[in-house]
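First listed ligand is number 1; within each ligand, the first listed atom is number 1.
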Amino acid sequence: MYKLNEKLVNMKPYDPITENYKIRLDANESYKNLPDFMIKRIQELIGKMEFNRYPDPYATELCKGFARYYNVDPALVTAGNGSDELISIITGSFLSSGEKMIVISPDFSMYQFYGALSENDIIEIKKGDDLKVDVDEVIRTAKENDVRLICFSNPCNPTSLGVPREEVIRLVESVDSLIVLDEAYMDFWRKDQSLLDVVDKYDNLFILRTCSKALGLAAVRIGFAVGNKTLTDVLRAVKSPYNMNTVAQIIGTALFEYPQHLDQSTQEIIDSRVSLESMLRQMNQETHLFEHIYESNNNFVMIKTDLANDIFEALKKRSIAIRNFGRFLRITAGYEEENRAVVEALREVAGELKK
Ligand SMILES: *Cc1c(COP(=O)(O)O)cnc(C)c1O
């Protein structure tokens, strides 16, 4: 009889919200679809595609478009089927089975997920109540345990906090571990906090970027890893040759033809988050529904409350989806009217729960 491997028996398929909600503020996507002129351009390009040919294994044009927009050397860029795939490849290929990796929780769950699947020995450093990263603790833990890989997001999903650039540099320079610095939300923070401009100086740094958040392309699945030439050559060697299908390459390449649109739509999302955050703070001053609202550096707001489950359910009844972490709630910024609706609903919920 066939027996499932022990690490697999209790695994459950990923279960995102799939029911129909009037308002979806749970997944940190961009709330806007692409504009019509871009959709037209994409349709035109796909009309000319050679469906019978395998894709370009290095997604050359797509990587060039990314490199132009972010001002990096295209020779240091590797595209993946979402940054998810790149996390999976790096945790699976850059460590031998049983080697140690650090995650700093709470953080993006995929680092731990893929690390465990690849039989890496995961050391979980827990953030305190302020949800900040203690860089000294990370350095100490890495050195004492011969850690081979450290993965974290900056600014962080879900904490919404950012580690300043100088601190990240200090970490990279202090350890012999490979660092996967996931900058999925950096477009929403400050360009001068990114390490993209110095990535080539380090032999132990991959920076991840994605088209799924500020750039509004979550459906298409495009992510990027940027690292020095040695790391890039290895990543290109170990990835599946045709990991980026031609449709995704065409759409992503077209996206980067419109840098002004990307800048403008990123700014609109930032404005929406600023407005959501300030409405939530105002509401909370009046109702004291939440224990704490964390300072946001991305496109969502992170909230601490013991009432997370109750609030989550009450919003669900009103057909509003947000993300529930048990003791925390995360609300993605949406259209102005969606932001208003969720804050109004929370005001009502505060009245109900306080009775
Ligand atoms: C959403 C997100 C990503 C993006 O993943 P894709 O696979 O590119 O869609 C990566 N890292 C973090 C921390 C995220 O929240």
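A cation-pi arrangement, defined by a distance under 6.0 Å to the six-membered ring centre and an angle within 45 degrees of its axis, is present between Arg209 and Tyr70.
Ligand 1 places these atoms under 4.0 Å from at least one heavy atom of Lys213: 1 (C), 2 (C), 3 (C), 4 (C), 14 (C), 15 (O). Interface atoms of ligand 1 facing Thr210, defined by a heavy-atom separation under 4.0 Å, are 4 (C), 6 (P), 8 (O), 9 (O). Near Ser212, with a cut-off below 4.0 Å to any heavy atom, the atoms of ligand 1 are 6 (P), 8 (O), 9 (O).
The part of Arg221 lying near ligand 1 is the side chain, judged by heavy-atom distances below 4.0 Å. Residue Asp84 touches ligand 1 through backbone and side chain together, judged by heavy-atom distances below 4.0 Å. Contacts between Ser153 and ligand 1, counted as non-hydrogen atom pairs separated by less than 4.0 Å, involve the side chain only.
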Go through the steps to decide whether Ser153 and Asn157 satisfy the test side chain to side chain donor-acceptor pair (under 3.5 Å), and finish with yes or no. CA-CA 7 Å; Ser153 57; Asn157 170 27; over 6 Å; no
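Look at Arg281 and Glu277 and you find a salt bridge, because one of the NZ, NE, NH1 or NH2 atoms lies within 4.0 Å of a carboxylate O, short of that distance. Ion pair Asp73/Lys229 not flagged as a salt bridge, since none of the NZ, NE, NH1 or NH2 atoms sits closer than 4.0 Å to an Asp/Glu carboxylate oxygen. Salt bridge absent: Glu313 and Lys317 never bring a charged side-chain N and a carboxylate O closer than 4.0 Å. Salt bridge annotation for Arg170-Glu166: absent, with no cationic side-chain nitrogen under 4.0 angstrom from a carboxylate oxygen.
Considering backbone and side-chain N/O atoms, Asn81 never comes within less than 3.5 Å of an N/O atom of ligand 1. At under 3.5 Å, not a single nitrogen or oxygen of Tyr111, backbone or side chain, sits near a nitrogen or oxygen of ligand 1.
Looking only at heavy atoms of the protein, atom 11 (N) of ligand 1 is closest to Asp182 OD2, 2.6 Å. Looking only at protein heavy atoms, the nearest one to atom 4 (C) of ligand 1 is Ser83 OG, 3.4 Å.
Atom CG of Asp310 is surrounded by more than 12 heavy atoms from other residues, nucleotides or ligands within 6.0 Å.
With hydrophobic clusters built from ILVMFWY side chains whose heavy atoms lie under 4.5 angstrom apart, Leu161 does not share a cluster with Val135.
Remark: distances from the non-hydrogen atoms of Asn28 to ligand 1 are all 4.0 Å or more.
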